[in-house]
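See below for the structure under consideration.
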Amino acid sequence: MNLPLKGERFMRAVRIHQYGGPEVLSNEEMPIPEPKASEARVKIEAIGLNYIDIYQRTGLYQLPLPFTLGREAAGTVDAVGPGATDLKIGDRVAYAMEPGAYAEYAIVPAWKLVPVPDKIDSRSAAATMLQGMTAHYLAHSTYQLKRGETALVHAAAGGVGLLLIQIAKMLGARVIGTVSTETKAQLAKQAGADDVILYSQSDFLAEVKKLTDSKGVHVVYDSVGATTFDKSLNCLRPRGCLALFGQSSGPVPPFDLGKLATMGSLFVTRPTLVHYMSDRSELLARANVLFNWIAAGQLKLRIDKSFPLAEAAEAHRLLEGRKTTGKVVLVP
Ligand SMILES: NC(=O)c1ccc[n+]([C@@H]2O[C@H](COP(=O)([O-])OP(=O)(O)OC[C@H]3O[C@@H](n4cnc5c(N)ncnc54)[C@H](OP(=O)(O)O)[C@@H]3O)[C@@H](O)[C@H]2O)c1
C-alpha cells in the first residue's frame, strides 16, 4: 500500500501483480497520475473490454509486472501536460492501444486522443475505438474487400465480428460467418451475414466449400487461431488471403511457408491495430469514419453487457468463456 504524499489524490484501478486467471485481477487504490509533455489525463467514463486484456492477464502477451490492465476508454480531458496544445480540459475524447484503462484516470499521449462527437455517448465511444478500428483496417487495408468478393469471418458474433460483418456488407462483399451457438448465429445474421456456420457442430471447411461451389473464399478473417488456422487456409481460393488477427483459442504453431505455394499461392498476414493507426491522420481518418457511420445509424454497436470496474474479473470470465456477444464495457 502506497502512503499518500502531501496533496496527493488517489484513484481506483484494477491491476495485476502476476499472470494468471481472472482471480489475479486486484482492485486497488493508487495515486492519480500527472501528465508529462505532450500527454493528457483522461477522467474515464467507460472502458472497453477486449480480448487483448485476456492475453495480457494470462501472460501470452507480457508486460512488466505489476501493471494496470486495459487498452481502451472514453471520457473527458482532466489535465493537460506541456505542449498538448490541441486539447483543453473538458474535451470529450476516446482512445485505444494505450495501457492503463482499467482505472478512474489514465495518462494518454495527446496525439492518440480522438474527439468524440456530441451524438456519441461515452459507452458507445469506448465500444467503437479498438474493435471498430480493427474491423475497419481489416476490410479496407489488410485485405481491401471488393464488391462481389466472399469473406469468411470467424467468431462472427464477437466484438470485432459483428462490426466486420457490417463493414464488409457496406463494401458489397458476401459474408460467411462462423459462430458457436444458435443465438450467436441469429446475431450474425441480423448484422448482415449472408450465411452462418455453427463451427461447433459442423465442419466449417466442408460448409464453405458447399456454399462457394468448391471455389473457396477470397479472404478469411481469422481471430480464433489454433483451432481454425489449418482449415481457414483450406477455405481460400488460389491467391486468397488469410488475415490471422488473433488467437482466442490459442496461438498457431510454427508453420511451413512452403505449403502456401501448393495450396494456391496463398497470402498469410498477422496484422495488429497499432500498425494501422500509425500516426494521427490515420487514427483520425479511421475513428471519424466509424463515428460518422454510428451517428448516421449505418453501423450498429451492440453493447452486450456493462459491469462496474470492480467486477472486471467477472467480465473476463464471460469473455473467455465465450459467453459474450458484441462489446462488454466496464464503468469506473
Ligand atoms: N490484431 C488486432 O489488431 C486485433 C484487434 C482487436 C481484436 N483482435 C482479436 O480479435 C479477436 C476478437 O476479439 P474481441 O475482443 O472482439 O473478442 P470476441 O470476438 O468478442 O470474443 C472472442 C470470441 O472468440 C470465439 N472463440 C473461439 N474459440 C474460442 C476459445 N477457445 N476461447 C474463447 N473464445 C473463443 C468465441 O466466439 P464463438 O463462441 O462464436 O466461437 C468468442 O466469443 C481476438 O482474438 C482478439 O485478440 C485483434
Side-chain angles (χ1 to χ4, degrees), residues 21-22 47-58 60-61 69-72 96-97 101 126-143 152-167 176-189 191 193 196-202 204 220-229 231-232 242-252 268-278 282-283 286 290 301-305 315-330:
I47 301 152
L49 183 73
N50 291 288
Y51 221 89
I52 193 170
D53 305 350
I54 310 272
Y55 304 143
Q56 292 188 339
R57 193 205 70 217
T58 60
L60 181 65
Y61 295 174
L69 273 168
R71 300 242 130 189
E72 177 183 46
M97 300 309 275
T128 303
M129 294 296 290
L130 203 152
Q131 294 169 341
M133 288 199 294
T134 299
H136 186 276
Y137 85 68
L138 287 170
H140 289 86
S141 308
T142 301
Y143 181 91
L152 176 64
V153 176
H154 288 309
V160 176
L162 288 175
L163 297 172
L164 183 52
I165 292 172
Q166 296 175 71
I167 293 173
I176 304 173
T178 63
V179 295
S180 65
T181 67
E182 282 292 351
T183 308
K184 290 184 176 187
Q186 289 305 321
L187 290 170
K189 278 259 167 75
V196 182
I197 301 166
L198 286 173
Y199 60 178
S200 47
Q201 293 173 23
S202 54
F204 75 82
V220 182
Y221 295 112
D222 187 341
S223 65
V224 175
T227 59
T228 47
F229 181 79
K231 284 188 180 174
S232 292
L242 171 55
L244 176 73
F245 69 101
Q247 56 269 306
S248 51
S249 69
V252 174
V268 176
T269 178
R270 177 62 180 85
T272 185
L273 175 57
V274 281
H275 303 122
Y276 289 87
M277 45 170 271
S278 54
E282 188 174 32
L283 167 68
R286 285 196 205 286
L290 291 161
L301 294 169
R302 176 180 165 82
I303 301 185
D304 181 29
K305 292 185 174 65
H316 274 226
R317 282 186 194 97
L318 295 181
L319 180 59
E320 61 190 327
R322 305 167 81 161
K323 298 283 192 302
T324 63
T325 53
K327 188 69 178 177
V328 178
V329 170
L330 305 174

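For the single chain, residues carry numbers from 1 onward in sequence order. Given the structure is predicted, the values throughout are model-derived calculations rather than measurements. For ligands, and for the atoms within them, numbers begin at 1 and follow the listed sequence.
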Revision key, fill the gap. Out of H154, K327, R322, the nearest non-hydrogen contact to atom 28 (N) of ligand 1 is supplied by R322
Point to revise | I52 N/O under 3.5 Å from ligand 1 N/O | key: no
Study note, to complete from the structure: Among H275, K184, K323, closest by heavy atom to atom 43 (O) of ligand 1 is K184
**Study point:** Non-hydrogen atoms of A226 and S249 that approach each other most closely
**Key:** N-OG, 3.2 Å
Study note, to complete from the structure: Per-atom filter on ligand 1: closer than 4.0 angstrom to a heavy atom of Q247 are 45 (O)
Revision key, fill the gap. When I176, V224, I197 are each screened for side-chain contact (heavy atoms from CB on, under 4.5 Å) with H154, the one that passes is V224
Review point. Looking only at heavy atoms, what is the nearest atom pair of I167 and L290, with distance?
Key: CD1-CD2, 4.2 Å
Check your understanding: Short N/O distance, under 3.5 Å, between T178 and ligand 1?
Key -> no
Check your understanding: Is it the side chain, the backbone, both or neither of T227 that has a heavy atom closer than 4.0 Å to ligand 1?
Key -> neither
Check your understanding: In the protein, what heavy atom is nearest to atom 14 (P) of ligand 1, and what distance, to one decimal place, separates them?
Key -> Q131 NE2, 3.5 Å
Review point. With no hydrogens and no angle check, is any side-chain donor or acceptor of T58 less than 3.5 Å from a backbone partner on Y55?
Key: yes
Revision key, fill the gap. Here the atoms of ligand 1 under 4.0 Å from any heavy atom belonging to V224 are 27 (C), 28 (N)
Study note, to complete from the structure: Atoms of ligand 1 under 4.0 Å from any heavy atom of V179, numbered from 1 in the order shown, are 40 (O)
Exercise for review: List the closest protein heavy-atom neighbour of atom 32 (N) of ligand 1: residue, atom name, distance to the nearest 0.1 Å.
Suggested key: S248 O, 3.3 Å
Revision key, fill the gap. re atom 20 (O) of ligand 1, the protein heavy-atom contact at minimum distance is G159 N, 2.9 Å
Check your understanding: Side chains of T142 and Y276: donor-acceptor distance under 3.5 Å anywhere?
Key -> yes
Revision key, fill the gap. Residue, atom and distance of the protein heavy atom nearest atom 9 (C) of ligand 1 read F245 O, 3.5 Å
Check your understanding: If you count the atoms of ligand 1 from 1 in the order shown, which ones are under 4.0 Å from a heavy atom of L130?
Key -> 5 (C), 6 (C)
Revision key, fill the gap. Between V179 and A188, the two heavy atoms sitting closest are CG1-CB, 4.4 Å
Check your understanding: With side chains defined as the heavy atoms from C-beta onward, is the minimum distance between M133 and E282 less than 4.5 Å?
Key -> no
Exercise for review: Could you pull out the closest heavy-atom pair between R322 and S180, with the gap in Å?
Suggested key: NH2-CB, 3.6 Å
Revision key, fill the gap. The protein heavy atom nearest to atom 19 (O) of ligand 1 is G158 CA, 3.4 Å
Point to revise | Contact summary for M129 and A96, nearest pair of heavy atoms | key: CB-CB, 3.9 Å
Review point. Under 30°, 30 to 60°, or over 60°: which ring-plane class applies to Y221 and F245, parallel, tilted or perpendicular?
Key: perpendicular
Exercise for review: Spell out, as yes or no, whether a donor-acceptor pair under 3.5 Å connects the side chain of N50 to the backbone of D53.
Suggested key: no
Practice item. Give the numbers and elements of all ligand 1 atoms closer than 4.0 Å to a heavy atom of E320. Key: 32 (N), 33 (C)
Practice item. Output yes when a side-chain donor or acceptor of Q166 lies under 3.5 Å from a complementary backbone atom of L162, and no otherwise. Key: yes
Practice item. Do me a favour and list the nearest non-hydrogen protein atom to atom 40 (O) of ligand 1 with residue, atom name and distance? Key: S180 N, 3.1 Å
Check your understanding: Does ligand 1 have any atom that is closer than 4.0 Å to a heavy atom of G161?
Key -> no
Review point. To which protein heavy atom is atom 5 (C) of ligand 1 closest, and what is the distance rounded to 0.1 Å?
Key: T134 OG1, 3.1 Å
**Study point:** Option set L273, V160, T324, L319, criterion heavy-atom distance to atom 16 (O) of ligand 1, minimum
**Key:** V160
Revision key, fill the gap. Residue, atom and distance of the protein heavy atom nearest atom 12 (C) of ligand 1 read S223 OG, 4.0 Å
Practice item. Measure P271 to ligand 1 on non-hydrogen atoms and call it side chain, backbone, both or neither using the 4.0 Å cut-off. Key: backbone
Exercise for review: Select the closest option to atom 41 (O) of ligand 1 among Y51, Y199, Y137, Y55, judged by heavy-atom distance.
Suggested key: Y199
Exercise for review: For D304 and G326, indicate whether the former's side chain and the latter's backbone hold a donor-acceptor pair under 3.5 Å.
Suggested key: no
Practice item. Report yes if some heavy atom in the side chain of V196 is under 4.5 Å from a heavy atom in the side chain of Q186; otherwise report no. Key: no
Practice item. Measure R270 to ligand 1 on non-hydrogen atoms and call it side chain, backbone, both or neither using the 4.0 Å cut-off. Key: side chain
